[in-house]
Engineer: 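Questions regarding the structure given below will be posed in turn.
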Amino acid sequence: MKKIFLVLLVIGQIAYAQDKTIKDTIKVEVLETVIVTANRNATLRREVPVAITKLSQKLINETKPTAVYEIINKTPGVMMVNLGNEQHMMSIRQPMTTNSYYLYLEDGLPIRPMGVFNHNALLEINQFNLQSIEVVKGPVSSLYGPEAVGGVVNFISVRPPVNPEFKIGIQADQWGFKRFQAAGGATVGKFGFYVAGLSSEQNHSWMTFSDYNKDNFNARIDYNINSKTRLISNTMIGKYYSDMSGSINEDAFYKRTYKNTTDFTYRKSDVLRTRLTLERDWNENGNSFLTVFHRDNKLGQNPSYGIRWMQGQTKARGEINSNNFKSYGILAQHSQKFDFLNSNVITGALYDYSPNDYGSYQIDLQANLNADGTVNNYQILTERPDIKLADYDAKIKNSAGYLQYSFNIINQLKLTLGSRYDQMDLSYENHLDNSSGDKKYNRFTNKIGINFNLNRNIGFYSNYSQGFAPPSVTAIFRKKPDTGTPTVPAEFYYNLESAKFENYEIGGWSCMLENKLYLEYAIYYMKGKNELLNIRQPDNSTDYQSAGETRHKGIEFAVNYKPSAQLSIRIGGTAAQHTFIDFKVSDKPTDALQRLDGFEMPSAPKWVGNSELNYYPKWLPNFRTSIEWQFVSSYYQNQINTLKYDGYNVFNGRIGYQWKNVEFYTNIMNITDKLYAYNVSRGNNANDKSTYTAAAPRTFMFGLQYHFTLNKK
């Protein structure tokens, strides 16, 4: 890491020397990008001491994604793992994980309350309603609170346009996927509105039993009370149903026999989110907002990951569960600038009341085996609502207050200080053992950051930040599996502590060659304590354990080069290492490996990259084409580091042409028809087998979109 840092400093010095030949009047558009997520307020990118990437509307429009991961993965240092049918997990300064270490926002507001994290939450996003996406990497808990550990992803919706506009489109591929989408809006007098909707479905795909459908609707209405005061309402309604195809075994993967072992597993959700925001500009230096919000989520599952089966047995168990919550909350913030040291204060408070109920019961299954003893398919024998796996009602009260102060020590040097206090009060009734009580999780999180801008073309930053994540309520009130360890009886529930993180980071950017070349980098070192880990048992059940200490370190980099108006090149990626420092995987004296200190964490590739070449020919205006390369290096499949997956290289192509108001486009995903898996995992037991989340074969996605804008006279 020291060598890497020295190399980057040399690059920075070279860039600085070269910058002397560039006139001061040149506008550096990349560094003048306005972002909101890093400071909860509109701020220039070069004034925030964090690693943040803004994915523009142009990038979103040209990508034409069928799922959000196609956009998110263009962010250096980010790997959003596709689990099929828009289901997913994430990797930002963490291994690929389903843990609650990421905070997902919609226009700055969390789409889940603290304690009810769901790694699939982004399947609720309407891709046709995105103005931009901002991704902050590293802990931002001092501003946004718990779960903002690995990073924050903020989806910024389209604002009402000044001129009336309307767009409508269709997408389809050869695997039975099709989507219809439409959006439009206008501003009339003091009122502005924008609505966007989509309807997706997939039938008879390349993987058996993998159909899904999704319907989303978003509406925004702005009322400009006067030149300084605005009232903004947002409403989102979403319905989703998917067959849950799950993973396949190694033999089926390499034979490309994409056959699901179930025809009954599913995931479904019904979502309503509403908010009303009052904004007030007191003067050119001060502004405030007050947001009241409501969430109503219902999630039901017969999950493929819930199937418990021992090698060679003809009987198995599954589960059916439901997780529902409603939220009633308020968020208030005030920002004030001062002439003194060019300083800025941001202060705010949050209160979120979210009643939550969860229930899960067993189903008995028949396991029909192949000749080699693996499962050919499962069948439901009996539903057993009398055998409950979890059954509780919880009332979650989240309250927080935060303060951030930034000021210029000298003209080129800005210091940012931030602190936040969060408290989660949990009152519960556990119907499994007729117990009730209260739990409390609270913590101060702090940040200190420095920006040093040599000039408008070169800048550096450094920060120390803290993050934490309380355990999810679902994990707290679920019985431990029978691990065969005498000191951990099966009837015990989990007594989990909050995971805590400390992050040290340096980074910077340089703009060279008359603004044609832009370099950005970040180097981080993050220590974790009580990090929640999932330990797969021989029957595929999960035992939750907290590691004593983990370490995450790496470098993220992005290079953007635009030699001409016709050609642009983007290179981005991360080199990282995620390690157990203090972790005991087992108490059983018969286990060969009990302590894993110094072992690599599973599902943690050391190299991840996403690069793209775009071509806009002058000889054919309104035509675009691009080739994208996604690279994932090898990684261990389990905690005890016995087997690696080789990783993959995959190429995607995109072509589009706009004729008048009509755009024709084709996305070719997995151009070379590469056999690869998005994720491969394995238990720590000697008899455990690898399971593969297979990626799709070569896919041709065709689309047609009509966009109309009426210019007012």
Side-chain angles (χ1 to χ4, degrees), residues 55 60 63-75 78-92 96-98 102 104-106 111-112 117-130 133 135 153 155 157 169-173 175-181 196-207 209-218 236-247 258 260 265-271 273 297-305 323 630 652 667 669-670 677-679 693-697 699 701 703:
L55 303 170
I60 296 170
T63 302
K64 296 292 192 297
T66 58
V68 173
Y69 79 91
E70 296 176 31
I71 294 289
I72 298 295
N73 286 347
K74 297 179 185 293
T75 307
V78 176
M79 181 66 183
M80 183 176 175
V81 183
N82 177 21
L83 299 180
N85 293 357
E86 301 193 46
Q87 300 162 110
H88 58 88
M89 57 183 177
M90 190 68 77
S91 172
I92 309 176
M96 296 179 283
T97 181
T98 60
Y102 310 106
Y104 302 133
L105 310 175
E106 198 170 49
I111 64 178
R112 287 285 191 284
F117 177 81
N118 189 298
H119 67 92
N120 284 307
L122 298 189
L123 60 81
E124 300 168 6
I125 295 298
N126 183 348
Q127 299 93 321
F128 216 52
N129 189 49
L130 296 178
I133 304 172
V135 183
V153 184
F155 295 88
S157 58
I170 56 173
Q171 295 175 315
D173 68 23
W175 302 117
F177 170 85
K178 51 183 174 290
R179 171 180 292 159
F180 173 81
Q181 48 200 9
L198 62 79
S199 181
S200 304
E201 69 174 18
Q202 179 171 282
N203 294 293
H204 310 299
S205 183
W206 54 274
M207 171 74 79
F209 193 71
S210 61
D211 295 352
Y212 93 104
N213 54 69
K214 169 181 170 178
D215 297 291
N216 271 58
F217 174 79
N218 290 73
M236 177 271 179
I237 301 172
K239 288 185 176 294
Y240 175 91
Y241 182 92
S242 174
D243 300 333
M244 196 184 296
S245 54
S247 305
Y258 302 118
N260 197 356
T265 51
Y266 64 84
R267 173 177 283 122
K268 62 180 180 180
S269 70
D270 291 283
V271 182
R273 287 194 292 271
N297 277 58
K298 298 179 178 65
L299 177 65
Q301 298 184 120
N302 185 334
S304 57
Y305 65 77
N323 191 1
Q630 178 76 58
N652 305 314
N667 292 352
M669 311 303 290
N670 190 7
Y678 289 117
N679 183 252
T693 303
T699 300
M701 194 277 289

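Every heavy atom of this structure was used, including side-chain atoms; hydrogens, water molecules and symmetry mates were not. Because the structure is a prediction, the values reported are computed rather than measured.
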Engineer: Between the main-chain N or O of Ser157 and the side-chain N or O of Asn129, is there a donor-acceptor pair closer than 3.5 Å?
Structural biologist: no
Engineer: Side-chain donor-acceptor pair under 3.5 Å between Ser199 and Asp215, yes or no?
Structural biologist: yes
Engineer: Aromatic rings Tyr241 and Tyr266: how do their planes relate, parallel, tilted or perpendicular, breaks at 30° and 60°?
Structural biologist: parallel
Engineer: Without swapping roles, check the side chain of Asn126 against the backbone of Ala196 for a donor-acceptor pair under 3.5 Å.
Structural biologist: yes
Engineer: Output the distance between atom OG1 (Thr66) and atom CG (Asn85), rounded to the nearest 0.5 Å.
Structural biologist: 10.5 Å
Engineer: Could you tell me whether the side chain of Gln202 and the main chain of Trp175 form a donor-acceptor pair under 3.5 Å?
Structural biologist: no
Engineer: Hey, what do you get for CD1 (Ile60) to CZ (Phe155), rounding to the nearest 0.5 Å?
Structural biologist: 9.0 Å
Engineer: Could you tell me the separation between the NZ atom of Lys64 and the CZ atom of Arg179, rounded to the nearest 0.5 Å?
Structural biologist: 12.5 Å
Engineer: In Å and rounded to the nearest 0.5 Å, what is the CE to OG1 distance from Met701 to Thr699?
Structural biologist: 10.0 Å
Engineer: Roughly how far, to the nearest 0.5 Å, is the CZ atom of Arg267 from the CE atom of Met244?
Structural biologist: 3.5 Å
Engineer: Using the ring-ring contact (aromatic ring centres under 6.0 Å, His included) criterion, which residues pair with Tyr104? Sequence neighbours excluded.
Structural biologist: none
Engineer: Tell me the closest heavy-atom pair linking Ala121 and Ile111, and the distance in Å.
Structural biologist: CB-CD1, 3.8 Å
Engineer: Could you tell me which non-hydrogen atom of Asp211 sits nearest to which non-hydrogen atom of Asn203, and how far apart they are?
Structural biologist: OD1-CA, 3.3 Å
Engineer: Between Asn118 (side chain only) and Asn120 (backbone N and O only), is there a donor and an acceptor less than 3.5 Å apart?
Structural biologist: yes
Engineer: Looking only at non-hydrogen atoms, find the nearest pair between Pro697 and Tyr258 and report the distance.
Structural biologist: CG-CE1, 4.1 Å
Engineer: Whether the side chain of Asn670 engages the backbone of Ala696 through a donor-acceptor N/O pair (distance < 3.5 Å, no angle test) should be reported.
Structural biologist: yes
Engineer: Sequence neighbours excluded, which residues qualify as salt bridge (Lys or Arg N to Asp or Glu O under 4.0 Å) partners of Glu124?
Structural biologist: Arg112, Arg273
Engineer: Would you name the heavy atoms of Glu86 and Leu123 that are closest together and state the gap between them?
Structural biologist: O-CB, 3.4 Å
Engineer: To the nearest 0.5 Å, what is the distance between CE (Met79) and CE (Met96)?
Structural biologist: 6.5 Å
Engineer: Say whether, by atom type as modelled, one donor and one acceptor occur between the side chain of Asn667 and the main chain of Pro65 under 3.5 angstrom.
Structural biologist: no
Engineer: Testing Leu122, Ile72, Val68, Thr98 one by one against His88 for a side-chain contact (heavy atoms from CB on, under 4.5 Å), which residue passes?
Structural biologist: Leu122
Engineer: In terms of ring plane angle, is the pair Phe177 and Tyr212 parallel, tilted or perpendicular, where the classes change at 30° and 60°?
Structural biologist: parallel
Engineer: Mind listing the closest non-hydrogen atom pair of Asn216 and Ile125 along with its distance?
Structural biologist: ND2-C, 3.9 Å
Engineer: Taking all non-hydrogen atoms of both residues into account, name the closest pair between Thr693 and Ser247 and its distance.
Structural biologist: OG1-OG, 3.5 Å
